[in-house]
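The structure appears right after this line, and notes come after that.
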Amino acid sequence: MTRLSQLLLPTEREPPADAEAISHKLMVRAGLVRQIGTGLWSWLPAGWRVHQKVVQIIREEIDAAGGQEMLMPVLQPADPWRKTGRYDIDELLKLKDRKGADLVLAMTHEECVTSHVAQVVRSYRDLPFSLYHFQVKERDEPRPRAGVLRTREFIMKDAYTFDRDEAGLQAHYDAYAAAYDRIFERTGLEWYSVESDVGMMGGSGAHEYMAPCPAGENEVALAPGYAANVEVASADPQPVALAPPLPGVGGVGGPESVHTPGATTVDAVSRLLEVPAGGLLKSLPIVIDDERGFTVVVVRGDHRLNEIKLTNNLGAAWRPANPDEIVAKLGPPGFIGPVGASVPVLLDDAVDAEAGYVAGANQADHHLRGVRPGRDFDFERIDARRVEAGDTVAGHPITIQAAIEVGNIFQLGTRYSEPLGATYLDEEGVQRPIVMGSYGIGPARIVAAAVEQFADEKGISWPRALAPWDVEIVALGKPGSDELAAAEGLYRDLRAIGLSVLLDDRPAGPGAKFADAELLGIPLRLTIGRRSLESGRAEAQIRRGLQDVEGGIPLEGAAEAVAELWRTLP
RNA sequence: CGGGGAGUGGCGCAGUCUGGUAGCGCACCCGGCUGGGGGCCGGGCGGUCGCAGGUUCAAAUCCUGUCUCCCCGACCA
C-alpha cells in the first residue's frame, strides 16, 4: 500500500492541544500514532513501518551477535515472580483468571526465560547461549508522558545471555555492547553509551544507550572521554572563592559562634554572613538501614545530595531522619551541623578538609564560622553529591544534557538463576548457578528520538535508515492527467530497482501535498508537474535542510539517478 | 501520591463568571471554478455540551458526586 490516496495517513494541521514533546506533536500530526488511553498508543500504518525498520536493524545485528530469536508470552503465572521477589513491584500489573489463579502481565521476561532455561540446561556443555525476542511489555507507570516516550505498554527487544561464569558473561556483555554500537550507528541517531545505575535489578555492571534530545527524561554528564548518567556520575568539584578569609581557618582556637536568627536555609545563611553557598556545610540527617543507624551526611552548601549515589556508596538502604530524631540527636532543624555531634559523620568528597566553613551550631538561631573538618569533627569520606555542570573530569569541564534512554545492557549475574534454580553441573560435577546478562532496546523510543533530533519547523526529517518510505513522489495535476501518468511511471521504475516509494496521487492541491510531505519527513521528495513534463526533469528536494537538488533529475533514466542520490542522504 | 489544568460535531476553540433557540475556523459531502505552497464561490451533513444525580418554569452554564485526559513533581526493572 504505497498510494497515498489509499493509505490511512490521517495528518493534522494542529498538534494535540495538550502535547508538549516535539515527537508527541509531530508523530500525531503526521498520522503515525494515535492514543487510545493514558500511555496506550496504536501505531498507524506509516508509523508501524518506521517501527518495523528499527526492529529489523536490531534483529539483523542481534542475530549476527549470536542471539537466537524466540517468543515468550506477556501473560504469565505469578509464581516465578514471587520466587524472584518481584511480585510486589507496584509497576507490575496483576490479574486473576476465572479459576482465581494469580497471573501477571510481564514488564520484562527474566522470570520466564530463566524458568525455561532452568528446565533445559543440565551441563556446562549446554552453555553459553543467548536468546531474545521482541515482545510487548506492560507496566503500570505512575505517570506516562510525552507520547510514545514513556508508555504503559510498549514493545521491547529483550535479550538474555547464559554463561558458566563471570568471564563468559563478560564476553557476552562485550559482544552485545558491540552489537548495540552497530545498531545505534545504523539508525542514524545521535547517541552515546553511559555508565548507569544497576538499580533494583541488582547485578554488577550496566550501561545505558542514550539519545540526546530536549524531551529526554535522563540527564547525562558529558566530558571528553567521559559519559555517565548523572545518577552515578562523579567529578571534581569547582573551587569556591572563600573570601574574605574565615576566622579559625588554619589558626588557633575553634570555630566562632555567630547569631543567625531565622536563617534556616543555605541561601539565608549565605546572604546574612556574606559567605558564598559553597562556603557552607549542608548537613543531611539520615537513618541507615543497618548498624550505622542515625548518621549525618555533610555536603557543600552549593551541592545537592545524589540519593542513588548515596545508596550505592553506603551499600545499604536509608531514609531521611524525621524531625523528632533530628531534635533528639542533634538540634533544631535548620541549625544542625557536624560539630559536637555524637553521631557518625559522612563527609562528601567535595568538601576540603583544610578549609574553613560555616555550619549549623546545633543550637537555635546560631551557626559556627571557621569550621574545619578533621579538627572540629571526625568523619568518614563518601561520594554522595550530584555533579554540577562545570565540574571537571580529568581537567575537562562537564556539561549536563537531557537524553532518552533507548537501550541498556546489564550484567545480571545470578540474580534470577538462583531463585529460579537455573543451575548446571560443571566439569567436576559441582552444581553452579548460571551467570546471566540482560539487554534491552525500545524501538519506539528510537523512533521518537529520531523525530526529536531531526525535526524542523516543517515537520519530521527521518534518517534514511528509519524512514517509512525511501522516496515520496508528489504528483501534481488532476486524476487522469499526463503528470499523474508520468508519476506512475517513475513510481514503477523506482520500485523495480528496490526503492520503497510513497506516491501522493490524491486529488489535492500542491500546497497540501507539499506540506504533508514535509510533515511526514521522507528523505527524498520528487515532484512531477507540468514543469517536469516540459523540461523532462523531476524536481527533487532533500528533506534534511529542505535542500533542492540543482537542476532536478532527468526523467530519462531517473531510477538509477534517484537511487544514487538516495544513497548519499543522511 | 502531591500540585496545576482541561473535557462543547473528526481537529482546534468560543460560549460557563451573569441560567433563556448550541456557535466559529478547519476538515468532511455535493456542484462549479482553480491547478507549482494548505486557493475561490455556492449549497449541505454532523454535537444526549464526559457521565450520574440535584436545584430551577428553564442547565453547556449553578450545586454534589464520579470518570477520563494533559502538564509539573515524586516515582521509574
Side-chain angles (χ1 to χ4, degrees), chain A residues 10-21 24-25 28-29 31 34-41 81 84-93 104-111 137-147 149-152 154 156 158 160 196-203 206 208 215 217-218 229 231 307-308 320 404-405 408-410 412 415-416 436 438-440 442 458-459 474-484 487 504 506-519 525-535 538-539 541 546 548 552:
Chain A
T11 57
E12 299 286 347
R13 298 180 74 142
E14 307 269 358
D18 35 30
E20 283 293 318
H24 184 184
K25 292 177 180 173
V28 172
R29 282 192 57 210
R34 282 284 165 115
Q35 186 176 19
I36 193 66
T38 302
L40 299 172
W41 291 82
W81 294 77
T84 61
R86 294 213 296 173
Y87 188 71
D88 296 322
I89 292 175
D90 290 334
E91 280 72 26
L92 183 66
L93 282 156
V104 305
L105 295 175
M107 55 197 301
T108 177
H109 281 75
E110 279 84 359
E111 279 78 1
K137 304 289 178 269
E138 305 285 349
R139 295 183 189 180
D140 193 1
E141 288 284 351
R143 185 156 105 76
R145 74 186 100 186
L149 275 184
R150 185 167 204 82
T151 56
R152 292 196 290 181
F154 60 96
M156 180 188 266
D158 42 322
Y160 305 92
S196 72
D197 182 40
V198 295
M200 300 193 50
M201 202 77 163
E208 289 165 340
E217 297 185 277
N218 297 86
N229 194 317
E231 290 176 346
E307 299 186 1
I308 292 171
I404 300 176
E405 180 187 346
N408 59 40
I409 55 179
F410 268 87
L412 288 177
R415 166 70 179 82
Y416 293 90
M436 293 174 54
S438 81
Y439 314 83
K458 297 287 190 182
V474 171
L476 302 177
K478 298 174 191 171
S481 64
D482 292 344
E483 292 94 318
L484 202 53
D504 191 349
R506 296 174 300 175
K513 292 186 176 187
F514 291 140
D516 274 352
E518 283 150 11
L519 178 60
R525 182 182 87 198
L526 302 176
T527 303
I528 303 286
R530 187 166 9 93
R531 284 185 212 157
S532 328
L533 297 188
E534 287 167 359
S535 66
E539 289 92 313
Q541 186 192 65
L546 296 171
D548 287 323

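Sequence lines set the chain letters: A, B, ... in the order given, protein chains first and strands last, and positions in each chain run from 1. Computed from a predicted structure; not experimentally measured. These numbers come from the heavy atoms of this one structure, side chains and all, not from hydrogens, waters or symmetry mates.
Here the separation of B:A27 from B:C71, taken at their P atoms, is 28 Å to the nearest Å. Using P as the reference atom, B:A77 and B:C62 are 44 Å apart when rounded to the nearest Å. Taking atom P on both nucleotides, B:G53 is separated from B:A59 by 13 Å, rounded to a whole Å. Look at the C1' atom in both B:G19 and B:C49: the space between them is 15 Å, to the nearest Å. For the P atoms, the distance from B:G15 to B:U61 is 15 Å, rounded to whole Å. Spacing of C1' atoms, B:G50 relative to B:U8, comes out at 10 Å, to the nearest Å. B:G31 and B:C45 have their C1' atoms separated by 15 Å, with the value rounded to a whole Å. Atom P of B:U55 sits at a distance of 25 Å from the matching atom of B:U48, rounded to the whole Å.
At a threshold of 4.0 angstrom between heavy atoms, the contacts of A:G509 with the nucleic acid are absent. Among the protein residues, A:G37 comes within range of the sugar-phosphate backbone only, with heavy atoms under 4.0 Å from sugar or phosphate atoms but none that close to a base. At the heavy-atom level, A:D90 lies nowhere under 4.0 Å from the strands shown. Residue A:R525 is in base contact, counting any heavy-atom pair closer than 4.0 Å across all strands shown. A:K513 comes within contact range of no nucleotide atom at all, as no heavy-atom separation falls under 4.0 Å. Using a 4.0 Å heavy-atom cutoff across all strands shown, A:A508 reaches at least one base atom of the nucleic acid. Within 4.0 Å (heavy atoms only), A:A475 reaches no atom of the nucleic acid at all.
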**Study point:** Intermediate values then yes/no, side-chain hydrogen bond (donor to acceptor under 3.5 Å, both in side chains), A:S532 and A:E483
**Key:** CA-CA 8 Å; A:S532 328; A:E483 292 94 318; over 6 Å; no

Exercise for review: In sequence, state the C-alpha distance, the side-chain angles, and the governing distance for A:M436 and A:F410, and then conclude on side chain to side chain contact (heavy atoms under 4.5 Å, CB included).
Suggested key: CA-CA 9 Å; A:M436 293 174 54; A:F410 268 87; over 6 Å; no

Practice item. Could you give me the CA-CA distance, side-chain angles and deciding distance for A:R34 and A:E12, then say whether salt bridge (Lys or Arg N to Asp or Glu O under 4.0 Å) is met? Key: CA-CA 12 Å; A:R34 282 284 165 115; A:E12 299 286 347; 3.2 Å; yes

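We find that CD of A:E20 is positioned 14 Å from C1' of B:C69, with the value rounded to whole Å. Atom pair A:L93:CG and B:C76:P shows a separation of 16 Å (rounding to whole Å applied). Between the C1' atom of B:A77 and the CZ atom of A:R150 lies a distance of 11 Å, rounded to the nearest Å. Per the geometry, CE belonging to A:M156 stands 11 Å off P belonging to B:A77, to the nearest Å. The separation between A:D88 atom CG and B:A77 atom C1' is 14 Å, rounded to whole Å. Regarding A:K478, its NZ atom lies at a distance of 8 Å from the P atom of B:G35, rounded to whole Å. Going from atom CG of A:N218 over to atom C1' of B:A77 covers 14 Å, rounded to whole Å. One interatomic measurement links the two molecules: CD1 of A:I36 to P of B:U68, which rounds to 14 Å at whole-angstrom precision.
Side-chain nitrogen and oxygen atoms of A:R143 include at least one within less than 4.0 Å of the OP1 or OP2 phosphate oxygen of B:C72. Taking only side-chain nitrogens and oxygens, A:T38 comes nearer than 4.0 Å to OP1 or OP2 of B:C69.
For B:G36, the base has a donor-acceptor partner in the side chain of A:S532 [N/O atoms by modelled type, under 3.5 angstrom]. For A:E518 and B:G38, a side-chain-to-base donor-acceptor distance below 3.5 Å is absent, hydrogens and geometry of angles not being considered.
Residue A:L476 places its side chain closer to B:G36 than to any other of B:G36, B:C11, B:A74. Nearest to the side-chain atoms of A:E14 among the listed nucleotides B:G36, B:A77, B:C11 stands B:C11. When each of B:A77, B:C75, B:G38 is scored by its nearest atom to the side-chain atoms of A:R29, the top-ranked nucleotide is B:G38. Closest to the side chain of A:Q35, out of B:G36, B:C76, B:C70, is B:C70. Across B:A77, B:C75, B:G37, the shortest atom-to-atom separation from the side chain of A:P510 is found for B:G37. Looking at the side chain of A:R530, the nearest of the listed nucleotides B:G12, B:G35, B:G37 is B:G35. Of the candidates B:G37, B:A77, B:A74, B:G37 carries the atom nearest the A:F514 side chain, counting heavy atoms from C-beta on. Which of B:G37, B:C75, B:G36 sits closest to the side chain of A:K458 comes down to B:G37. Checking B:C76, B:C71, B:G38 against every side-chain atom of A:R13, the shortest atom distance belongs to B:G38.
Look at B:C1: its Watson-Crick or wobble partner, with both distances under 3.5 angstrom, is B:G73. Remark: B:C33 base-pairs with B:G39; criterion is Watson-Crick or G-U wobble with both hydrogen-bond distances under 3.5 Å. Taking a pair to require two hydrogen-bonding distances under 3.5 Å in either a Watson-Crick or a G-U wobble arrangement, B:G25 pairs with B:C11. Judged by Watson-Crick or G-U wobble contacts below 3.5 Å, the nucleotide B:C57 has B:G20 as its partner. Searching all strands for a Watson-Crick or G-U wobble partner of B:C45 with both distances below 3.5 Å returns nothing.
A salt bridge links A:E518 with A:R525: at least one charged nitrogen is closer than 4.0 Å to a carboxylate oxygen.
Ranked by how close their nearest RNA chain B nucleotide is to the 5' end, A:N408 and A:P15 are led by A:P15.
Donor-acceptor pairing under 3.5 Å is lacking for the side chains of A:E208 and A:N218.
Across all their heavy atoms, A:R152 and A:P144 have their closest contact at CG-CG, 3.6 Å.
The side-chain heavy atoms of A:E110 and A:L412, taken from C-beta on, include a pair separated by under 4.5 Å. Residues A:T108 and A:R86 meet the side-chain proximity criterion, which asks for heavy atoms closer than 4.5 Å.
Partner of A:L476 under the side-chain contact (heavy atoms from CB on, under 4.5 Å) criterion, out of A:D504, A:T527, A:L484: A:T527 alone.
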